[in-house]
Every structure is written in C-alpha cells, then in structure tokens.
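In what follows, residues are counted from 1 in the order of the sequence shown. Predicted model only: the values in this text are computed from it and were never measured. Every number for a ligand or one of its atoms is a count from 1 in the order of the listing.
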Amino acid sequence: MTIENIDKKFVLNTYARNYVNFVSGTNATLTDDKDNKYIDFTSGIGVVSVGHGNKIVAETIYKQVSNITHISNLYAIEPQALLAQKIVELSGYDMACFFGNSGAEANEGAIKIARKYGHEKFDDKKFKVVTLENSFHGRTITTVKASGQSAMHKDSFSPYPDGFSFDASIKDIYDSIDEKTVAVMIELVQGEGGVQPLDKKDVQDLASYLKKNDILLIVDEVQTGAYRTGEFLASNLYDITPDIITMAKGVGGGVPIGIVLTTKKDLLVPGDHGSTFGGNYLSSSTSLSVCNILQEIKENGSLDKTIEYFNSKMDSFYENNKNIFTQNVGLGLMKGLRVKDADTLSTIVSNGFDEGVLVLKAGQNTLRFLPPLTITNEEIDLGFKRLEDAVKNI
Ligand SMILES: Cc1ncc(COP(=O)(O)O)c(C=O)c1O
C-alpha cells in the first residue's frame, strides 16, 4: 500500500492533505522521496523557527533523550526551570510560566487563570472573556468557542462553554465589556484570520483601559511569539504589558510545547492545573536550545537583516503582480499578500508546490508566509523566483 492508502485507511480524515512524502530537510529546504527540492516558506505553520534538520537542536535532543526524556511534574525538572527563567528574561516581564503541549492548551490555561482571578478577586464572580471576530485560539471545545470566527462554532460540537463574546474590531470591545467581564483575549497579528496586525495605538489604549478597570489582557502569542515579528514577543513590539501571554509553535522548534506566562504568579495552587507531558526534559531542553539560537541571531543582527531581505523580496513580488495581489500585510517574518479571490489563492498555492515552493493560505483571501527565522538569502531568492513562475500565467 502507498502512504496515501495507509493514511486514508488508518488516520481520521480531518485534514485536506497533499500526499507529497518529505524525507529530509535542511534549514528552509525540504526534499521529497523523488528527490524534488522545495523552499519552505511555511516552517510547518510557524513552528520550525530554526529550520529543518538543525544540528544544534538535534544534538541537544540526542543528548537529552540518551539520558532522561521524561519523569513527571511531581519532581523538579532542571531544563524546565531554566527554560522558564530564559523565557521570562527574554520577555522582559515580571512573570512566571506554566508548561503544556500546544497552543490551544496554553490558551485553556490562560482562560483558567483569568476565571480564577475573576473568582478570587471579586465578591460577585467575573468570568466573561471578550475576543475578536476574526480570531483563532485553538481547536479544543473552549478555544473553539473563544475563536471569534463563526464558522468555527459548528452546531455539531455544541453545547459550548458559556462566557465568550466577540467584537468586530478592537474599538468595539469597550461597548461589550460589562460587570462580568474578566478578560479580553487578542492576537496582536491575527494569523489564521488573515495575517492582520492590530493598530498599535488602539492596542495601547485598550491595554491601559483594561488595567484601569481591573480587566485582564490575555495576548495569544502562539503564532507571533519567539521572534516571529522581530522581537521576542509581539507584546514587546507593541510596548504593552499583558497580564497573561500564551506561546507555542516556534518556541519549540518542532517539539510539542505550550507556555502560559502571567504576572499573577501566586494565583494557581497545586491541584488547580497540570499536564503529564508539559515541560518535560525533552520539550524543555529542546525549547531552551531553540531560544538560545534565536536570541543569538537577534543579538548579532542577522535576524533583522533576514527580515529586511525577505521583506524587500516580498515587496518586489507584490509590486510585480499587482494584477493578482491587493495588499501586502504582516510584520517581521509573519507576512501575507491579499489575493483578489479565493480561487486564485488556491491556484497560487498549488502552482507554487509544483514549482517547488511551499506557501500557506490564511482565511479566504490571504497568501501567507511563515519562513524559518534562519532562512538564508539564497533560499529567499529561490523561493521568490519559483513564486514568480507560479503566478506568471495567472
Ligand atoms: C494564534 C493561535 N492561537 C492558538 C493556536 C492553536 O495552537 P495549536 O494548534 O498548537 O493548538 C494557533 C494555531 O494556529 C494560533 O495561530
């Protein structure tokens, strides 16, 4: 049987898959089983931040699993403590961390912290969480409900947890806050919703309004975190201090990890929250290695140069193809091009694949780029050359 047959027979049908079989990877270049090479402008949807086949990360993983892979959170885990220290230092915030395994799980943790805050702090419990209509926060029942995109709230999975409401824009949030609102949860650059950065001043105004009114600000940095927008956190770029931040994807470089950071360091007590795998030796030591690599390329200036180079190529690609693209959006290495219609978007992704460059969709009309943060100029050049070929007959 082919991989496709086995997959179709034994794996639940939840993804519209392309049945290419990638067998090796080096930085932003993937090779399939027929020896075709692809430039990866997706990094596994913003995950492989330090590239495929990273030798420093591989060495860290090998050393760690040759020794201890997992014990449990009932004992101290040295790399977990060191990772928490590193994340807090890089964030610049006075926070502490909880470790889970995914973005959705991190957001669940964030919502639990907010709900407990609403319970402990106020005589009459506050529990409502306001999010944005175009947001995406995950696939568990609660985070599906927290995601504002109405297409996510399928009847087939109902009933959903109470206490979530959605606003079209950040300026509308003020009106929907009531005496039961405990938190507002936002992505600073909406990823799945179309690579849409929120306005900095609007975010800062909202952050100070929430602080004055003792309502928590949760920033979902699952996609924007770990230098994706050029700073360690997009919250740093927006110059705000959220109460709770969630991370996942790129901070693990490919190992499953989810992190909740919060200023409410003493709120949760033993028994309130937990995870079997969260922050184990494997994921913590890998993430620590990834953070060290990313910190180094930020501090030696090479990340900023890569962002600049990628964006200059992206600008030219946009200018050359204004018959197809209507807007150039995003921040850092989280970028998007709005496409004139959904069919054309699908054609570009598929033609791109045929030409040997992987790109993503976001929403109905955005061509999305999330390359590894370590991508080389040569890989960037080749990727955009192939994309020009992919769009030339459109
Ligand atoms: C902003 C944001 N939050 C949460 C999630 C969910 O993360 P995960 O798929 O790791 O559960 C995603 C995934 O795309 C995301 O982009």
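For the residue pair Asn27 and His52, no side-chain donor N or O sits within less than 3.5 Å of a side-chain acceptor on the partner. Looking only at atom types and distance, the side chain of Asp239 has no donor-acceptor partner in the side chain of Gln204 under 3.5 Å away. Between the side chains of Ser316 and Glu319, no donor N or O sits under 3.5 Å from an acceptor N or O. Gln196 and Asn134 form no side-chain donor-acceptor contact under 3.5 Å, judged by distance and modelled atom types alone. At a cut-off of 3.5 Å, with distance as the only test, a side-chain donor of Asp315 or Asn328 sits close to an acceptor on the other residue.
Contact annotation for Ile45 and ligand 1: no heavy atom of the residue comes within less than 4.0 Å of the ligand. The proximity of Ala248 to ligand 1, defined as any non-hydrogen pair under 4.0 Å, does not occur for either the backbone or the side chain.
Of all the listed residues (Glu221, Met185, Lys249, Arg139), Lys249 holds the heavy atom that lies closest to atom 13 (C) of ligand 1.
For Phe99 and Phe277, the ring centers sit 6.0 Å or farther from each other.
Of the N or O atoms in Glu105, none lie within a sub-3.5 Å distance of an N or O in ligand 1. Considering backbone and side-chain N/O atoms, Gly138 never comes within less than 3.5 Å of an N/O atom of ligand 1.
Distances below 4.0 Å separate heavy atoms of Asp220 from the following atoms of ligand 1: 1 (C), 2 (C), 3 (N), 4 (C). Near Glu192, the atoms of ligand 1 lying under 4.0 angstrom from a non-hydrogen atom of the residue are 14 (O), 16 (O). Near Ser102, meaning under 4.0 Å from any of its heavy atoms, are these atoms of ligand 1: 10 (O), 11 (O). Atoms of ligand 1 lying under 4.0 Å from any heavy atom of Asn107, numbered from 1 in the order shown and given with element: 3 (N), 4 (C). Atoms of ligand 1 found under 4.0 Å from any heavy atom of Val222 (numbered from 1 in listed order, with element): 2 (C), 3 (N), 4 (C), 5 (C), 7 (O), 12 (C), 15 (C). Every atom of ligand 1 with a heavy atom of Glu187 under 4.0 Å away is listed here by number and element: 1 (C).
Hydrophobic clustering of Ile, Leu, Val, Met, Phe, Trp and Tyr side chains at less than 4.5 Å, counting indirect connections, unites Ile45 with Val329.
The protein does not reach atom 9 (O) of ligand 1 closely, with no heavy atom under 4.0 angstrom from it.
Considering only heavy atoms from C-beta on, Val129 stays 4.5 Å or farther from Val184 through its side chain.
For atom 16 (O) of ligand 1, the closest heavy atom belonging to the protein is Gln223 NE2, 2.7 Å. For atom 7 (O) of ligand 1, the closest non-hydrogen atom on the protein side is Gly103 CA, 3.3 Å. Atom 11 (O) of ligand 1 has Ala104 N, 2.8 Å as its closest protein atom, hydrogens excluded (heavy atom only).
The aromatic rings of His273 and Phe98 sit tilted relative to each other, their planes meeting at an angle between 30° and 60°.
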